[in-house]
Amino acid sequence: MPDVRDIRQHLESLLASAVSAAIAAGDLPDVAIPGTALERPKDIANGDYASTLPLRLARSAMKPPLEIAKAIARHFPADPVVEPPAVAPPGFINFRLSQGFVQSQVEHIVRFGPAYADLALGSGKKAQVEFVSANPTGPLHVGNGRGAAIGSAMAAVLAAAGYEVEREYYVNDAGTQTDTFGETLYARYQQQFGRDVPIPAEGYPGEYMAELAREIKAQAGDRFLRPPGEAGPADLTGLGIELMVRSIRQTLVRFGVEYDRWFSEKSLYDPEGPYEEAMGILRANGQLVEREGALWFTSSELGEEKDNVVVRSDGRPTYYASDIAYHYDKFVRRGFSLVIDVWGADHHGHVSRLKTATAAVGGNAEGLQILLYQLVFLKRSGEAVKLSKRAGELVTLDELIDDVGSDAAKFFFLLRSPGAQMDFDLDLAKTQSSENPVFYVQYAHARLASMLERAAEQGITPEGGDVGLLVQPQELGLIREMMRLTEVIEVAATTFEAQHLPHYAMELATAFHSFNDAFKQQGDSSLKVLTEDVAMTKARLRLVLAAKVALARVLGLMGMTAPERM
RNA sequence: GCGCCCGUAGCGCAGUGGAUAGCGCGUUUGGUUGCGGACCAAAAGGUCGGAGGUUCGAGUCCUCCCGGGCGUACCA
């Protein structure tokens with residue numbers, strides 16, 4: 001029997017042979033086939049799969065679609081995986097998977113265990129997901145949490161789809177905002193020693209900067225103090241950044257997000273580093289010109305709206321220059337074939353020109369996927385809270401984790417498509433915490449675990465359970481739902497949309513609860529998992545085991561825990 | 001002004017050009033004293049922002065308009 005992962009292909013080839021047979025028999029005119037048009041009906045009553053081929057063929061075949069459907073169905077070969085197809089108006093061919101095939105998937109899932117639904121789509125190609133990458137000039141806020149949830153889930157999905165995935169955090173430890181951070185820190189530091197110095201106008205007024213200064217004073221005393229009026233030392237800035245990065249990392253670990261690499265922006269400027277090489281390429285291609293004292297990349301010649309400055313008139317490279325070097329490094333030096341950048345939507349003006357520049361330095365712009373997530377609008381007591389580090393008013397990711405927990409926060413972030421603006425009502429998140437859908441999903445996993453445990457106490461295990469005994473609609477429905485995981489991963493990995501995961505997780509949990517409560521609905525205790533009938537019990541435990549595997553897998557992809565008990 | 005994103009049930013959101021537009025919360029009704037009640041089943045609730053167009057078929061694609069957001073820096 002074919003693998004679930006190949007089921008589409010299998011059906012398509014059966015369909016193709018049915019069409020040729022119909023043509024050979026003269027039931028269909030010899031027309032070009034516009035693909036098999038296989039899709040998933042919304043309503044399970046219409047089968048597991050359906051083809052709209054007859055509708056598409058009607059015009060060129062000069063026949064009513066329903067007749068075409070009947071002709072194809074008539075010539076459809078017998079197959080152990082699928083029942084003889086049904087035809088429905090106005091011209092659908094509906095396929096239902098055979099009961100035997102559906103049942104066999106329980107064994108398939110149990111056999112693969114934690115690797116269930118792994119795909120070979122990526123065929124071992126190197127993929128990188130870079131996410132969060134917030135400036136280390138302040139603590140992570142709630143919006144960064146959305147990026148963290150999306151990025152880590154995308155990384156997990158791509159790994160499941162067969163890519164070799166690297167997770168990276170780009171540390172902006174160079175540039176203007178770093179300098180501003182340093183100036184603010186030095187001001188706060190001086191304040192610790194009683195000097196009446198103001199925070200720079202464009203600086204970071206948040207209280208955390210004062211705390212950071214206090215911490216540094218506690219550690220290093222007045223080592224960084226300079227005579228009044230002088231600028232602060234560079235190594236104070238370096239230390240401040242280092243401490244901020246450390247605290248950001250701690251927050252992300254609390255959030256359950258880990259990285260393979262923390263990439264320093266500063267390192268781009270090492271001798272013979274990516275910056276030198278990338279700019280060398282642009283220069284060699286005659287794409288750098290000096291104008292008004294600055295160095296410009298002539299991006300308008302490559303279709304951009306305008307040229308962009310790469311080196312300011314004061315000699316410092318722009319953020320754009322850093323990013324060109326960085327993406328040169330990703331594609332050319334490190335050889336990633338797929339690069340995903342997860343950015344806040346406020347960066348979207350940067351997308352097009354970065355793609356253009358990436359191509360200009362020899363990178364594969366096609367392999368560059370930039371996922372923009374709309375900013376999170378926080379509400380507190382119904383009132384909007386503007387997220388801005390510079391305004392100094394922010395709700396940190398740490399606070400969010402304290403309030404609703406990492407699992408729930410991730411689930412909510414993933415639930416919305418990145419392009420949708422979301423309101424996160426903090427008060428509501430708190431009061432709703434016991435009714436969150438995340439608990440519904442995790443609770444299902446805990447119940448599955450507990451059933452296996454309870455059975456084991458009675459000396460009954462899933463081993464040797466005969467899946468052929470699973471014939472109840474709720475049982476088969478649950479298996480069908482588990483089978484969908486492969487499809488969900490495929491869609492998520494090819495469209496780069498993580499929101500399919502939480503939606504699927506809820507549907508899988510619903511299928512389980514429905515199966516689990518079937519005996520209540522029907523008032524028939526023989527539908528319980530643990531019954532007098534040992535063979536039946538073992539078969540259902542086998543299903544329970546598989547459901548636990550599938551649910552744990554999707555929870556894992558979302559970066560959530562799969563609790564054994566709650 | 002120009003560019004991009006969003007507009008779907010009271011609220012929050014899904015919806016690879018296909019069949020009766022779904023899910024969660026909330027509301028109403030019923031079940032279940034449980035192999036874990038953080039459960040199940042059912043109902044009510046929609047001019048898919050508006051108007052044209054393409055198509056056998058449009059929430060989905062195209063054009064215009066309205067509303068919200070974000071860009072449009074020698075910030076990141």
| Would you call the rings of A:Y169 and A:W262 parallel, tilted or perpendicular if under 30° counts as parallel and over 60° as perpendicular? | parallel

Heavy atoms under 4.0 Å, any strand shown: does [X] hit a base, just sugar-phosphate, or nothing?
X: A:R316; result: nothing
X: A:V529; result: base
X: A:E292; result: base
X: A:N172; result: sugar-phosphate
X: A:H513; result: sugar-phosphate
X: A:R353; result: base
X: A:R447; result: base
X: A:A455; result: nothing
X: A:A446; result: base
X: A:A345; result: sugar-phosphate
X: A:T176; result: sugar-phosphate
X: A:Q499; result: sugar-phosphate
X: A:E564; result: base
X: A:S514; result: sugar-phosphate

For [X] and [N], give me the distance from atom [atom1] to atom [atom2], rounded to whole Å.
X: A:Q522; N: B:G30; atom1: CD; atom2: C1'; answer: 16 Å
X: A:K528; N: B:G36; atom1: NZ; atom2: C1'; answer: 12 Å
X: A:F439; N: B:C25; atom1: CZ; atom2: P; answer: 14 Å
X: A:Y504; N: B:U16; atom1: OH; atom2: C1'; answer: 18 Å
X: A:Y319; N: B:C75; atom1: OH; atom2: C1'; answer: 10 Å
X: A:L372; N: B:C5; atom1: CG; atom2: P; answer: 10 Å
X: A:R484; N: B:C23; atom1: CZ; atom2: P; answer: 12 Å
X: A:D517; N: B:U33; atom1: CG; atom2: P; answer: 11 Å

Of the listed nucleotides [options], the one nearest the side chain of [X]:
X: A:Q374; options: B:C35, B:G69, B:C13; answer: B:G69
X: A:H348; options: B:G71, B:G17, B:C23; answer: B:G71
X: A:H503; options: B:C13, B:C74, B:G71; answer: B:C13
X: A:Y443; options: B:C74, B:G18, B:G36; answer: B:G36
X: A:P437; options: B:A38, B:C35, B:G24; answer: B:G24
X: A:L530; options: B:C35, B:G18, B:U16; answer: B:C35

Can we call the ring centroids of [X] and [Y] under 6.0 Å apart?
X: A:Y440; Y: A:H513; answer: yes
X: A:W343; Y: A:H348; answer: no
X: A:Y326; Y: A:Y275; answer: no

Is the base of [N] touched by the side chain of [X] through a donor-acceptor pair closer than 3.5 angstrom?
X: A:T318; N: B:C74; answer: no
X: A:N94; N: B:A19; answer: yes
X: A:H347; N: B:A76; answer: yes

Would one find more than 12 heavy atoms of other residues, nucleotides or ligands at under 6.0 Å from atom [atom1] of [X]?
X: A:E457; atom1: CD; result: yes
X: A:Q522; atom1: CD; result: yes
X: A:E305; atom1: CD; result: no

Distance check: side-chain N/O of [X] vs OP1/OP2 of [N], anything under 4.0 Å?
X: A:S417; N: B:A14; value: yes
X: A:R454; N: B:G36; value: yes
X: A:S450; N: B:G36; value: yes
X: A:Y440; N: B:C40; value: yes

| Does A:T178 reach the main-chain N or O of A:N172 with its side chain, forming a donor-acceptor pair under 3.5 Å? | yes

Complementary nucleotide for [N] - Watson-Crick or wobble, under 3.5 Å:
N: B:C4; value: B:G69
N: B:U27; value: B:A43
N: B:U63; value: B:A51
N: B:C35; value: none
N: B:G22; value: B:C13

Measuring only the [atom1] atom in each nucleotide, how far is [N] from [M]? A whole number of Å is fine.
N: B:G12; M: B:G17; atom1: C1'; result: 27 Å
N: B:A14; M: B:C23; atom1: P; result: 16 Å
N: B:G46; M: B:C11; atom1: C1'; result: 15 Å
N: B:A19; M: B:U33; atom1: P; result: 40 Å

| said: Whether A:K548 and A:E564 form a salt bridge (side-chain N of Lys/Arg under 4.0 Å from carboxylate O of Asp/Glu) is what I want to check. | reply: yes

| said: Let me spell it out: for each of A:A420 and A:W296, pick the nucleotide of RNA chain B with the closest heavy atom. Which residue's pick is nearer the 5' end? | reply: A:A420

| said: For A:R312 and A:K42, find the nucleotide of RNA chain B closest to each by heavy atoms; which residue's nucleotide sits nearer the 5' end? | reply: A:K42

